[in-house]
Amino acid sequence: MIALLAKLSAKEKRIVHSMQLLGDSTRFKMFKLLSSNQELCVSEMASQLDISPSAVSQHFKSFEMLGLVTKKRTGQKICYIFSDDELVTELRELTKL
């Protein structure tokens with residue numbers, strides 16, 4: 001059993017990292033907020049969560065690194081949308097309450 005756990009596929013490692021990412025309550029709230037919108041800009045999310053825009057950007061950097069979101073610049077605003085990805089679909093379904 002231990003040997004099996006030591007050899008995770010790339011997909012399994014990505015799932016583990018995604019779960020760790022969503023284990024943080026702020027990032028979980030961010031994920032849920034984005035799930036209920038088509039896209040969300042950093043300033044809007046910061047206002048809704050009562051945190052700084054720079055904190056939102058730092059958290060979204062982690063989402064970007066895992067390929068869960070993509071960044072879209074509209075003038076001075078930076079907005080995020082979910083990537084068209086099977087893992088994103090599964091996570092959105094899992095976190096639906």
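Excluded from the calculations below are hydrogen atoms, water molecules and symmetry mates; all remaining heavy atoms, backbone and side chain alike, are included.
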If Ile, Leu, Val, Met, Phe, Trp and Tyr residues are connected whenever their side-chain heavy atoms lie under 4.5 Å apart, and connections chain through other members, are Met65 and Val69 in the same group?
no

Looking only at atom types and distance, does a side-chain atom of Arg27 sit under 3.5 Å from a main-chain N or O of His59, one as donor and one as acceptor?
no

Okay, side chain of Glu44, backbone of Cys41: is any donor-acceptor separation there less than 3.5 Å?
yes

Determine yes or no for a side-chain-to-main-chain donor-acceptor pair under 3.5 angstrom, with Glu90 supplying the side chain and Leu87 the backbone.
no

Measure from the side-chain N and O atoms of Lys32 to the backbone N and O of Thr95, and report whether any donor-acceptor pair falls under 3.5 Å.
yes

Got a donor-acceptor contact below 3.5 angstrom from the Ser35 side chain to the Arg92 backbone?
no

Minimum heavy-atom separation for Val42 and Ser57, please, with both atom names.
CG1-OG, 3.7 Å

Residue pair Met19 / Leu91: nearest heavy atoms and the distance that separates them:
SD-CD2, 4.3 Å

What are the two closest heavy atoms between Ser83 and Thr70, and how far apart are they?
OG-CG2, 3.6 Å

Check for a donor-acceptor pair, side chain of Asp24 on one end and backbone N or O of Gln20 on the other, with a separation under 3.5 Å.
no

Check: Phe82 ring centre within less than 6.0 Å of Phe31 ring centre:
yes

Residue of the set Leu68, Ile78, Leu34, Leu40 for which side chain to side chain contact (heavy atoms under 4.5 Å, CB included) holds with Phe60:
Leu34

Ile51 and Thr26: which non-hydrogen atoms are nearest, and at how many Å?
CD1-CG2, 3.9 Å

Which heavy atom of Arg14 sits nearest to which heavy atom of Gly67, and what is that distance?
NH2-O, 3.5 Å

Donor-acceptor contact present, side-chain Ser47 to main-chain Ser43, <3.5 Å:
no

When rounded to the nearest 0.5 Å, the distance separating SG of Cys79 from CD of Glu39 is 4.5 Å

Within one Ile-Leu-Val-Met-Phe-Trp-Tyr cluster: Leu66 and Ile81, side-chain cutoff 4.5 Å
no

With the side chain counted from C-beta on, respond yes when Val56 and Met30 share a heavy-atom pair under 4.5 Å apart, and no when they do not.
yes

Is there a donor-acceptor pair under 3.5 Å between the side chain of Thr74 and the backbone N or O of Lys77?
no

Between Lys7 and Glu12, does any NZ, NE, NH1 or NH2 come within less than 4.0 Å of an OD or OE carboxylate oxygen?
no

If you measure from NZ on Lys96 to OG on Ser36, what distance do you get to the nearest 0.5 Å?
12.0 Å

Pair Glu64 + Lys61, salt bridge at N-O below 4.0 Å
no

For a quick test of reading the model, state the closest non-hydrogen atom pair linking Leu21 to Ser62 and the distance between them.
CD1-CB, 3.3 Å

